[in-house]
Amino acid sequence: MALVALVASTSVAEALLALKIAFIVLLYLFVLRVIRTAGRDRRAPSQDSMILTPAAASAAGLRVGRATARGSVRLVVQRSPSLDEGDTFPVNSAPLTVGRGGQNDLVLAGDDFASARHARIESRGDGVWVQDLDSTNGTYVNGTRVAGAQRLDPGDVLRVGETDLRVEED
């Protein structure tokens, strides 16, 4: 019986030793593979160039040439409980904030559906963009709720609360 126990314990010890050696070999192979992959990724670029030719840019719907030479953009009030119809607000290089609170550039004091800080409108190199500032009732462009930043084009109607602003360009 003691001989069987000795043989069994020797077999278990040998099996554990073999498993330890196999684990160490696999660990070294894994580390070697990681090092080779990291070295290969560093040598070769992982993506193509993002520089577009003018033809590719126009095919993608981007403005080509004098994109910054566009006319001035303004917002014209179409309908509002707090502003007069026809009032204009220029959109220039400084961001324009819209909301019910007095700290905004365009104050909608009488518009109960506008948040204190409702939206931000800013001119960028590729156009005028609007972003909702987590308002309660949302910001809409042509009847579609804005998610993130959205580009405004001439003729678009921006709705903040119950105020409708038309985007115009000179």
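Between S135 and R145, the shortest heavy-atom contact is O-NH2, 4.1 Å. Between R100 and D112 the shortest heavy-atom distance is NH1-O, 3.5 Å.
Residues D87 and V76 have side chains not in contact (no heavy-atom distance under 4.5 Å, counting atoms from C-beta outward). Looking at heavy atoms from C-beta onward, H118 lies in side-chain contact with T139 at the 4.5 angstrom threshold. Between V128 and V167, the closest side-chain pair of non-hydrogen atoms is not below 4.5 Å. In this structure the side chain of Q103 reaches within 4.5 angstrom of the side chain of R117, judged on heavy atoms. Contact of the R36 side chain with the L32 side chain is registered, since non-hydrogen atoms from C-beta on lie closer than 4.5 Å. Counting only heavy atoms from C-beta outward, the side chains of V130 and L158 approach each other to under 4.5 Å.
Using modelled atom types, one finds no donor on one side chain facing an acceptor on the other under 3.5 Å when comparing D111 with S82. In the model, S80 has a side-chain atom that pairs as donor or acceptor with a side-chain atom of T163 under 3.5 Å.
When atom types are taken as modelled, the side chain of R166 and the backbone of V157 share no donor-acceptor pair closer than 3.5 angstrom. Between the side chain of T97 and the backbone N or O of D105 there is at least one donor-acceptor pair closer than 3.5 Å. Remark: side-chain polar atoms of D132 are paired, donor with acceptor, to backbone N or O of D134 under 3.5 angstrom.
Hydrophobic clustering of Ile, Leu, Val, Met, Phe, Trp and Tyr side chains at less than 4.5 Å, counting indirect connections, keeps Y140 apart from I121. Both L152 and V77 belong to a common hydrophobic cluster when Ile, Leu, Val, Met, Phe, Trp and Tyr are linked at side-chain heavy-atom distances under 4.5 angstrom. Side-chain heavy atoms closer than 4.5 Å link hydrophobic residues (I, L, V, M, F, W, Y) into clusters, and following such links, possibly through other members, connects V98 to F89.
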Intermediate values then yes/no, side chain to side chain contact (heavy atoms under 4.5 Å, CB included), V73 and N92 = CA-CA 7 Å; V73 177; N92 50 35; over 6 Å; no
Could you walk me through whether L83 and V107 pass the side chain to side chain contact (heavy atoms under 4.5 Å, CB included) check?
-> CA-CA 9 Å; L83 302 172; V107 179; over 6 Å; no
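For the atom pair CD of E168 and OG of S72, the computed distance is 10.5 Å after rounding to the nearest 0.5 Å. The distance from the CD atom of E122 to the CH2 atom of W129 is 10.0 Å, given to the nearest 0.5 Å. The CD1 atom of I35 lies 10.5 Å from the CZ atom of F30; values are rounded to the nearest 0.5 Å.
A salt bridge between R151 and D153 is present, with a side-chain N of the basic residue lying under 4.0 Å from a carboxylate O of the acidic one.
Scored by the side chain to side chain donor-acceptor pair (under 3.5 Å) test, D156 finds N142 as partners (sequence neighbours excluded).
For the side chain to side chain contact (heavy atoms under 4.5 Å, CB included) with F113, the lone residue among T136, L108, N137, V160 that qualifies is N137.
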